[in-house]
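Beneath this line is the structure, given in structure tokens, with notes to follow.
Both backbone and side-chain heavy atoms feed into the values below; hydrogens, waters and symmetry mates do not. Note that this is a predicted model, so its numbers are computed, not measured.
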Amino acid sequence: MITLRQSPMQSLRDTIYGSIPRPQPSAAPIDGIRPPAKRLLVLSRYPNPSVSYYLEERSKALADIPVIVKGLDDGLDDVDCEGLFVIICRYIKKPQLRWLEHRQKRLAGIAYFVDDDIPAVIAGDEANWLYKFRLLNFAIRPLPRLNRLLTHLWASTEHLAGTLAKSGHKVDILAPMPSPLTRGSVERKDETAASLKMVYHATGIHRHEHEFLMPIVRSAMNKHGNLHFEVFADGYLARRWCRQSIEPARMTIHPQLPWSSYLARTTDHGSDIALVPLLAGRTNDSRADTKRIDISRMGAAAIFSQCATFARCAVSGEIHIGNAPEEWLMAIDQLVEDRDQRIAARNATLQSIEKMRQSATPAFPGICFDGLGDMA
């Protein structure tokens, strides 16, 4: 039997990963009963995709329950804390943490929601140091104080919940719940074989996926003169894309946009083909399939990596392939050359969004809202 030994760097990353604190509710009442919530407060780096894909639609279902959304730098002195339930979305800053500590006994509860394996991002080799510092400062550093206040812990996937679970506390799943799509926002009226737009939209956290796609996109662009390629990239990755010997007039490299600007752009500017690779790794293993929502908003035919993440809401007609360059090149060829297959793949992902909506529970786990009953 051959035993593969880890590299010293990987062993160090594993040690760092295991040593990073996790959110852990420790303020649940002894009898398990909390007072009904009269209003809801969401604390977040708003606007952001986590709020859009997990919290907004559920907030709309609360009928007459007041919902307040505050950014991390916003003051809370104007918020009535009596019967208030608080959702912390990934981050919190010291002034808001102090506000919660001083009013803990008057609150209906505090939930922490996370949709990334943050320790994996910090210990990994893809995110830049500025992003890692932000995670450490606003997601990890507050945890020792925050854990004493938490009554609920929500994660976006079963796998992510498994990385957070410890004896004595429960992790509930808060799956993506997208808003209904309008047909007008996803139909490409100018789609012709003479000019097709292929995109890869991802942040620098997906450095390995960027590097995986570079030779694939270069080959596809050399073969298909009717393709234009669009990618979001900054710094090192933008420079790498520039060096791919792709005709500059046929490639657009956009800097990363704030979430509201990205929403507007992908709503107003559709695409024909979207590349959605996801390579195996600790960070990616915990991801949800929210990229489908962006793809549907753009009205694109997508090529997905064959993995557990995108298997969750898969439907017939979607394209799921292994992470082998030749498979990706073949799939791109098929979509470029076959308009009917592009339409079928696009419509299949629209169906998967509806499947995602139907499989999501339109409730915040474990919260009893005044007049609405237990939402668990």
**Report entry** Pairs where residues 57-76 contributes a residue and the test ring-ring contact (aromatic ring centres under 6.0 Å, His included) is met, not counting sequence neighbours
**Finding:** none

Query raised in the report: Does the pair Q10 and D14 meet the rule for a side chain to side chain donor-acceptor pair (under 3.5 Å), with working shown?
Result: CA-CA 6 Å; Q10 186 56 51; D14 290 345; 2.9 Å; yes

Query raised in the report: Excluding sequence neighbours, so at least two apart, what forms side chain to side chain contact (heavy atoms under 4.5 Å, CB included) with A111?
Result: F85, H152, W154

Sequence neighbours excluded and cut-off under 3.5 Å, please list the side-chain donor-acceptor pairs for residues 314-324, or say none.
| from | atom 1 | to | atom 2 | distance (Å) |
| --- | --- | --- | --- | --- |
| E318 | OE1 | R292 | NH2 | 2.9 |
| E318 | OE1 | V315 | N | 3.4 |
| E318 | OE1 | H320 | NE2 | 3.0 |
| E318 | OE2 | R292 | NE | 3.0 |
| E318 | OE2 | T349 | OG1 | 3.2 |
| E318 | OE2 | S352 | OG | 3.3 |
| N323 | OD1 | S305 | OG | 2.6 |
| N323 | ND2 | L278 | O | 3.2 |

Query - Straight-line distance of L196 CG to F229 CZ, nearest 0.5 Å - result: 14.0 Å

Query raised in the report: Would you say the side-chain atoms of D272 pair up with the backbone N or O of K197, donor to acceptor, closer than 3.5 Å?
Result: yes

Query raised in the report: Does any N or O in the side chain of R148 come within less than 3.5 Å of the main-chain N or O of P144, such that one atom is a donor and the other an acceptor?
Result: yes

Query raised in the report: What pairs with I16 under side chain to side chain contact (heavy atoms under 4.5 Å, CB included), at least two apart in sequence or on another chain?
Result: L12, I20, A123

Report task. Not counting sequence neighbours, which residues clear side chain to side chain contact (heavy atoms under 4.5 Å, CB included) with P215? List them please. Result -> R218

Report summary line: Looking only at heavy atoms, the pair that brings A220 and L227 closest together is O-CD1, 4.1 Å

Query raised in the report: R312 side chain to D289 main-chain N or O, any donor-acceptor pair under 3.5 Å?
Result: no

**Report entry** Short side-chain donor-acceptor distance under 3.5 Å, T309 and R287
**Finding:** no

Query raised in the report: Are E57 and K60 close enough for a salt bridge, meaning some N to O gap below 4.0 Å?
Result: yes

Query raised in the report: Cluster question for you: counting only ILVMFWY and a side-chain heavy-atom cut-off of under 4.5 Å, with indirect links fine, are F133 and F138 together?
Result: no

Query raised in the report: More than 12 heavy atoms of other residues, nucleotides or ligands under 6.0 Å from NZ of K38: is that the case?
Result: no

**Report entry** CG (D78) with more than 12 external heavy atoms under 6.0 Å
**Finding:** yes

Report summary line: Sorted by chain and number, sequence neighbours left out, side chain to side chain donor-acceptor pair (under 3.5 Å) with K355 holds for none

Requested in this report: Please list, chain by chain and in numerical order, all residues satisfying salt bridge (Lys or Arg N to Asp or Glu O under 4.0 Å) with D338, sequence neighbours excluded.
Outcome: none

Query raised in the report: Quick check: does any side chain N or O of Y112 sit under 3.5 Å from a backbone N or O of R90, one acting as donor and the other as acceptor?
Result: yes

**Report entry** In one Ile/Leu/Val/Met/Phe/Trp/Tyr side-chain cluster, 4.5 Å: M330, Y200
**Finding:** no

Query raised in the report: Can you name the nearest heavy-atom pair linking V276 to W328, along with the distance?
Result: C-CH2, 3.7 Å

Requested in this report: Could you pull out the closest heavy-atom pair between K223 and D333, with the gap in Å?
Outcome: NZ-OD2, 2.9 Å

Report task. Find out whether L146 and P23 are in side-chain contact, i.e. whether some heavy atom of one side chain is under 4.5 Å from a heavy atom of the other. Result -> no

Report summary line: A120 meets the side chain to side chain contact (heavy atoms under 4.5 Å, CB included) criterion, sequence neighbours left out, with Y17, D117, R282, T283

Report summary line: So CG of L275 and CZ of F212: to nearest 0.5 Å the spacing works out to 9.5 Å

Query - L335 backbone acceptor or donor facing R342 side chain under 3.5 Å - result: yes

Query - Sidechain N-carboxylate O distance under 4.0 Å for E211, R240 - result: yes

Query - Flag, side chain of R13 to backbone of G124, donor-acceptor distance under 3.5 Å - result: yes

Query raised in the report: Under 3.5 Å, is there a donor-acceptor pair between the side chain of E126 and the main chain of R207?
Result: yes

Requested in this report: Tell me, please, which residues at least two apart from H159 pass side chain to side chain donor-acceptor pair (under 3.5 Å).
Outcome: S286

Query raised in the report: Do L174 and P365 come close enough that some side-chain heavy atom pair is under 4.5 Å?
Result: yes

Query raised in the report: For the atom pair CD1 (I205) and OH (Y131), what is the distance rounded to the nearest 0.5 Å?
Result: 3.5 Å

Report task. For atom OH of Y236, decide whether the heavy atoms of other residues, nucleotides or ligands shown that lie under 6.0 angstrom number more than 12. Result -> yes

Query - Linked, directly or transitively: I87 and I173 (ILVMFWY side chains, under 4.5 Å) - result: no

Query - Expected output: side-chain D115 to main-chain S156 donor-acceptor under 3.5 Å - result: no

Query raised in the report: Under the 3.5 angstrom rule, does the side chain of Q96 hit a backbone N or O of D74 as a donor-acceptor pair?
Result: yes

Report summary line: Applying ring-ring contact (aromatic ring centres under 6.0 Å, His included) to Y262 and not counting sequence neighbours gives H201, F232, W259

Report summary line: With sequence neighbours left out, the residues meeting side chain to side chain donor-acceptor pair (under 3.5 Å) with R103 are none

Report summary line: Closest non-hydrogen atoms of R58 and P176, given as atom of the first, atom of the second and distance, are NH1-C, 4.5 Å

Report task. With sequence neighbours excluded, tell me which residues meet side chain to side chain donor-acceptor pair (under 3.5 Å) with D73. Result -> K93

